[in-house]
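Presented below is the structure to which this report refers.
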Amino acid sequence: MPTPVIQCEEISKSFDNNNAVNTLSMSVENGEIFVLLGSSGCGKTTTLRLIAGLDNLDDGRIYIDNREVSSSTEFLPPENRKIGMVFQDYALFPHMNVEDNVGYGLGGDAQRSDKVRDTLSITNLTGLEKRMPYQLSGGEQQRVALARALATNPRVLLLDEPFSNLDAQLRASVRTETKEIIKKIGIATVLVTHSQEEALIMADKIGVMKEGKIEQIDTPHNIFHKPISEFVANFMGMCDFIPSRIADGMIHTEVGSAPVSLKDKSVDNVMAMVRPDDLSIEVCDTGNAKVVEKTFQGAFYIYKVLLNSGQLMHVLGSHINNLELDQEVNVTLSPGHSVSYMDSNRLIHS
Ligand code: ATP
């Protein structure tokens, strides 16, 4: 097992009796992008600030490269932690050109100009050395902030909502480019975001936060397809929980059956988790549901349907079949999709 570069052990931080971060543990390896994902106020930025040493913790320990940097007895100041940070607003020095912004942290380093040149090259900024920040596009400003954070060869890169100032189209390309740069350098990175899409695109590992704690740490694939709780399942995307029963290695729902592990015991009342893309919808006068709401999403529609039992569900439908409200339909589980279900407040995946 590789040794983590960043290790947080049960760290806590309160502000005025409000537990901003509560016994949180996580670790990040060299070259890994760890995304802290959660809604506003769940403690993401506070966690990042504790790792950076911009705040001190109340409890727990933080190690960087096996060195204790924060605990009840240790506090290494931020400038000695070998950390590079990029903030939401980039915080570029407006009176300095690109070259001077990037070289700022290098002070009188003898290799200053070589390091600035190399960093500008790796962040695709060569040629823009003499531009002032106001002469740069949003994407270029973001890269200058990244270059400044990387110029001192830090061991750890901390990114706080680094793409939120960019418009949607630019954000997509800047994300990809930033990921490529981070992977090229191979640095332990923590990125904070409230965007599920961004987390899925950027992360090697995602930590989903809720009220100061991490609810689940896993790969993007598993966070989306194998959430451990109803909270993570709902947070990662639209889903419905419908009454079902398990018997003979199958889970039986109102919209069809799917196999579960034969080890799973037979249970009469379980809640199955179904995502809109797990289902098929077709017009049928003798079907099991009717359309009560529809939302156009461009490439597809999300239909809200009322099943005969009174259960409401969301179904993804192709834009080719534009179904009308009150249309009678048949909704069925698509073959090949596995169905998860709740057991003792934990989601079980087949
Ligand atoms: P956002 O996505 O909105 O930035 P966040 O997940 O980053 O939110 P934090 O900024 O870490 O959340 O805040 C966590 C909690 O701690 C919030 O309730 C916030 O109001 C509180 N908090 C953060 N910093 C301070 C502070 N310096 N003084 C008092 N309360 C604070």
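Order of listing sets the numbers, starting from 1, for every ligand and every atom in it. Remember, it's a predicted structure, so these values are computed and weren't measured experimentally.
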task: Check the side chains of Asn322 and Lys294 for a donor-acceptor pair under 3.5 angstrom, ignoring hydrogens and angles.
output: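 There is such a pair (donor and acceptor under 3.5 Å, judged by atom type) between the side chains of Lys294 and Asn322.
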
- prompt: Is it the case that Thr332 and Ser280 place a side-chain donor and acceptor less than 3.5 Å from each other?
  reply: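 There is no such pair (donor and acceptor under 3.5 Å, judged by atom type) between the side chains of Thr332 and Ser280.
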
field: Qualifying residues under salt bridge (charged side-chain N to carboxylate O under 4.0 Å, His left out), relative to Glu68, sequence neighbours excluded
entry: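 Applying salt bridge (charged side-chain N to carboxylate O under 4.0 Å, His left out) to Glu68 gives none.
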
field: Backbone N/O of Asn30 and side chain of Arg155: donor-acceptor pair under 3.5 Å
entry: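 Not at all, since once roles are kept as given, no pair shorter than 3.5 Å links the two residues.
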
task: For a side-chain hydrogen bond (donor to acceptor under 3.5 Å, both in side chains) with Glu161, tell me which candidate from Gln88, His194, Lys44 qualifies.
output: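 That would be His194.
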
Please say whether [X] places an N or O atom under 3.5 Å from an N or O atom belonging to ligand 1.
X      : value
Ala20  : no
Asp16  : no
Asn18  : yes
His194 : no

How close does the nearest protein non-hydrogen atom get to [atom], and which residue and atom is it?
atom                    : result
atom 28 (N) of ligand 1 : Phe15 CD2, 3.5 Å
atom 11 (O) of ligand 1 : Thr46 OG1, 2.5 Å
atom 4 (O) of ligand 1  : Thr45 OG1, 3.8 Å

message: Closer than 4.0 Å and a protein heavy atom, does any atom meet both conditions relative to atom 2 (O) of ligand 1?
response: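 Yes, there is one.
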
query: Is it the case that Arg112 places NZ or CZ above or below the six-membered ring of Tyr104, under 6.0 angstrom from the centre and within 45 degrees of the axis?
result: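 No; the conditions do not both hold, so Arg112 does not lie above the ring face of Tyr104.
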
- prompt: Residues in ring pair (Phe, Tyr, Trp, His ring centres under 6.0 Å) with His95, at least two apart?
  reply: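 Ring pair (Phe, Tyr, Trp, His ring centres under 6.0 Å) check on His95 returns nothing, list empty.
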
Val192 contact mode with ligand 1 (heavy-atom cut-off under 4.0 Å):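 No part of Val192 is near ligand 1 at this cut-off.
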
message: Quick test of your reading of the structure: of Ser39, Gly38, Gly41, whose heavy atom lies closest to atom 15 (C) of ligand 1?
response: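 Looking at heavy atoms only, Gly41 sits closest to atom 15 (C) of ligand 1.
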
